[in-house]
Amino acid sequence: MLEVRPLRSGGGRTMRMIDLIIKKRDGKTLNAEEFDFVAQAAAQGTVPDYQLSAFLMACFLHPLSNKETALLTKAMAHTGPRLDFSDIDMPKVDKHSTGGVGDGVSLALAPLVACAGVAVPMMSGRGLGHTGGTLDKLESIKNFEIRIPAKLIHRQIQKLGVCMFGQTKDLAPADRKLYALRDATGTVESRPLIVASILSKKYAEGVDSLLMDVKYGSGAFMQKLPDSKKLAQMLVSTAKLLGLNCRALITYMDQPLGRAVGNANEMYQTIQILKGDKDLAPDFYEAVIETGAHMLVISGREKNLDKARKMLTGYITDGSALRKFREMIKWQGGNPTVADEPEKFLKNAKLSFEFKADKKGYVGFIDAKLTGRAGVLLGAGRDRMEDEIDFGAGIWLHKKAGDAVKKGDVIATLYASDPKRLQAGAELFGQAVKITAAKPKPYKLVHSIIK
């Protein structure tokens, strides 16, 4: 179901893009009507790209206030129809991650949280650069459909409580134009524009609550902790101005999360976690439970975090989470048997290389960004959106930071379909791994919570 808002063009009075550029260039505050004009212009192509680019640079040099950011976000969301789940009598919640390496948490999280009677319409994206994308991981399941019409999303949420899908061309179309121009004009780092881009799509989803997972570290978009905190604080405050219940977790991404980096192997790891194998990748399991617990609390489904954690753990133990995952695969066109026999359907690429320890000691560090880049070289990721993905390419970490190793122990197995890709990925991955004489101190996955 869709909520359609009529297009507006300045409330009847003449409005010119040049005037708004000058106003923001001079550091003045824009109102809702003016942001609506900019957003509609971006979505409909009624002003030239050079004027939109100039406006973005003015916003970069004179950052938007929290209120202005909320107005721009809302305006961008309303350039297309919004999903409307108001007739579904369940809390509606989603989660957004700022991206990382091995961060396939959403794959397990969405069906798990839906087991608690909470609706989870989860709109996700594709991977670009060293970070993976949820949609690519889902498509490692043959015939899994992620481009779903709004009516079918609504029906699936109504019947199953969960749907994982990609952004349609109708949802927040202004964001696609402005995002492309930001990338080409050196304005990507503008915090208010980042927030507006993220939240315009989430606001268009029609959810009541939103959990933000904001990463910091080498594999994160914001590598420095203070920058990640500032982004998280702005995301939360802006989301609240939009009427969303929101909180953010600041989480560690200096090293890869879990054991799998890739697409089919991350899906395999997800299925093993949903089967109850929490010892396979303890940090990944912790991320799923912790993120899900906060989603239940902000949605109002549960008041106490400890009770929420126990509830979610119970859904894994009794098989409910895996059943929900299996049903979601069936609803979206895939073969549900993959949930029972993942090793049969989620195969690694045909070529492999064992990366071994060259000395005795401890795995002191595995750099997330270099590992993610190695994954791209193997074929698991893309540098350009038009690049093809090799679903079977990737890395499986047999050892994690803190594990003791002897010379010759296998630290990771790398997979690729092309020998040159395998060699290039292995060479780069070698730079990511550090063997130390002393055992490193354990790291804390969740650094802090922004409410």
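The model shown is predicted, which means the values in this text are computed figures rather than measured ones.
- With hydrogens and angles ignored, the 3.5 Å screen pairs a side-chain donor or acceptor of Ser218 with a backbone N or O of Asp254.
- To the nearest 0.5 Å, atom CD1 of residue Ile88 and atom NZ of residue Lys159 are 10.5 Å apart.
- Judged purely by atom type and a 3.5 angstrom limit, Asp208 uses its side chain to pair as donor or acceptor with the backbone of Lys92.
- For Asp103 (side chain) and Gly132 (main-chain N/O), no donor-acceptor pair under 3.5 Å exists by modelled atom type.
- Counted within 6.0 Å of NZ on Lys347, heavy atoms from surrounding residues, nucleotides or ligands total 12 or fewer; the atom is thus considered open.
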Under the side chain to side chain contact (heavy atoms under 4.5 Å, CB included) criterion, do Leu83 and Phe165 qualify, and how do the steps go? CA-CA 12 Å; Leu83 295 172; Phe165 55 96; 3.8 Å; yes

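- Two residues are said to be in side-chain contact when any heavy atoms from C-beta on lie closer than 4.5 Å; Tyr203 and Arg82 meet this criterion.
- One finds no salt bridge joining Arg421 and Asp390 here, because no Lys/Arg side-chain nitrogen approaches an Asp/Glu carboxylate oxygen to under 4.0 Å.
- Side-chain atoms of His96 do not come within 3.5 Å of backbone N or O of Met212 as any donor-acceptor pair.
- A heavy-atom distance below 4.5 Å is not found between the side chains of Tyr216 and Pro226.
- Glu34 and Lys28 are not joined by a salt bridge, as no carboxylate oxygen comes within less than 4.0 angstrom of a charged side-chain nitrogen.
- Pairing each heavy atom of Lys240 with each of Cys246, the nearest pair is CE-O, 3.6 Å.
- A donor-acceptor pair under 3.5 Å is absent between the side-chain atoms of Arg247 and the main chain of Lys451, judged by distance alone.
- Using bins of under 30°, 30° to 60° and over 60° for the plane-to-plane angle, the ring pair Phe85/His154 lands in the parallel bin.
- Because its NZ or CZ atom is not both nearer than 6.0 Å to the ring centre of Phe284 and within 45° of the ring axis, Arg259 does not count as a cation-pi partner of that residue.
- Using a 4.5 Å heavy-atom cutoff, the side chains of Asn335 and Lys142 are not in contact.
- Side chains of Ile289 and Ile316 form a contact here, defined as non-hydrogen atoms less than 4.5 Å apart.
- Between the side chain of Asp183 and the backbone N or O of Tyr179 there is no donor-acceptor pair closer than 3.5 Å.
- Although no hydrogens or angles enter the test, the distance criterion places no donor-acceptor pair under 3.5 Å between the side chain of Glu145 and the main chain of Gln332.
- Under a 3.5 Å cut-off, the side chain of Thr134 and the backbone N or O of Ser124 do not form any donor-acceptor pair.
- Not one N or O on the side chain of Gln40 forms a donor-acceptor pair closer than 3.5 Å with the backbone of Gln44.
- For the atom pair CG of Leu322 and CD1 of Ile273, the computed distance is 12.0 Å after rounding to the nearest 0.5 Å.
- The two atoms that bring Ala321 and Leu112 nearest to each other are CB-CD1, 3.8 Å, heavy atoms only.
- Ion pairing between Asp213 and Lys215 holds under the 4.0 Å rule for side-chain N and carboxylate O.
- Considering CZ of Arg176 and CE of Met76, their distance stands at 10.5 Å, rounded to 0.5 Å.
- Annotation: the span from Phe144 atom CZ to Lys330 atom NZ amounts to 14.5 Å, rounded to 0.5 Å.
- For Arg155, the CZ atom sits in a loose shell: 12 or fewer heavy atoms of surrounding residues, nucleotides or ligands are nearer than 6.0 Å.
- The shortest side-chain heavy-atom distance between Phe429 and Ile366 falls under the 4.5 Å cut-off.
- Atom OH of Tyr268 sits in a sparse spot, with 12 or fewer heavy atoms from other residues, nucleotides or ligands closer than 6.0 Å.
- Taking the side chain as every heavy atom from C-beta outward, Gln255 and Asp283 never approach each other to under 4.5 Å.
- Taking a 6.0 Å sphere around NZ of Lys400, one finds it holds more than 12 heavy atoms contributed by other residues, nucleotides or ligands.
- Here the straight-line distance linking atom CG of Leu312 with atom NZ of Lys310 works out to 13.0 Å at 0.5 Å rounding.
- Residue Ser228 comes nearest to Ile250 through the heavy atom pair O-CD1, 3.9 Å, listed as atom of the first residue, atom of the second, then distance.
- Looking at Pro192 and Glu68, their side chains never come closer than 4.5 Å, going by heavy atoms from C-beta outward.
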One pair to check against salt bridge (Lys or Arg N to Asp or Glu O under 4.0 Å): Glu139 and Arg126. What are the steps and the verdict? CA-CA 10 Å; Glu139 287 187 329; Arg126 298 198 179 279; 2.9 Å; yes

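- If you run side-chain contact (heavy atoms from CB on, under 4.5 Å) between Val93 and each of Ile298, Leu244, Leu296, only Ile298 comes through.
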Evaluate the side chain to side chain contact (heavy atoms under 4.5 Å, CB included) criterion for residues Arg326 and Asp340: first the C-alpha distance (whole Å), next the side-chain angles of each, then the deciding distance (0.1 Å), finally the verdict. CA-CA 9 Å; Arg326 189 186 294 112; Asp340 305 300; 2.7 Å; yes

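- Taking 4.5 Å as the limit, some side-chain heavy atom of Leu64 sits within range of a side-chain heavy atom of Phe35.
- The number of heavy-atom neighbours closer than 6.0 Å to NZ of Lys369, taken from other residues, nucleotides and ligands shown, is 12 or below.
- Other residues, nucleotides and ligands contribute more than 12 heavy atoms inside 6.0 Å of the CG atom of Asp306.
- The number of heavy atoms from other shown groups lying within 6.0 Å of NZ (Lys275) is above 12.
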So Lys224 and Asp227, salt bridge (Lys or Arg N to Asp or Glu O under 4.0 Å) or not? Walk me through it. CA-CA 5 Å; Lys224 296 180 180 178; Asp227 292 335; 5.6 Å; no

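- For the residue pair Gly166 and Met123, the shortest heavy atom distance occurs at C-CG, 4.0 Å.
- Between the side chain of Lys201 and the main chain of Ser197, a donor-acceptor pair closer than 3.5 Å is present.
- Taken from CD1 in Ile198 to OG1 in Thr98, the straight-line distance is 7.0 Å, to the nearest 0.5 Å.
- In this structure, Ile395 and Gly375 approach most closely via the heavy-atom pair CD1-N, 4.2 Å.
- Of all heavy-atom pairs between Met234 and Thr69, the closest is CE-OG1, 3.2 Å.
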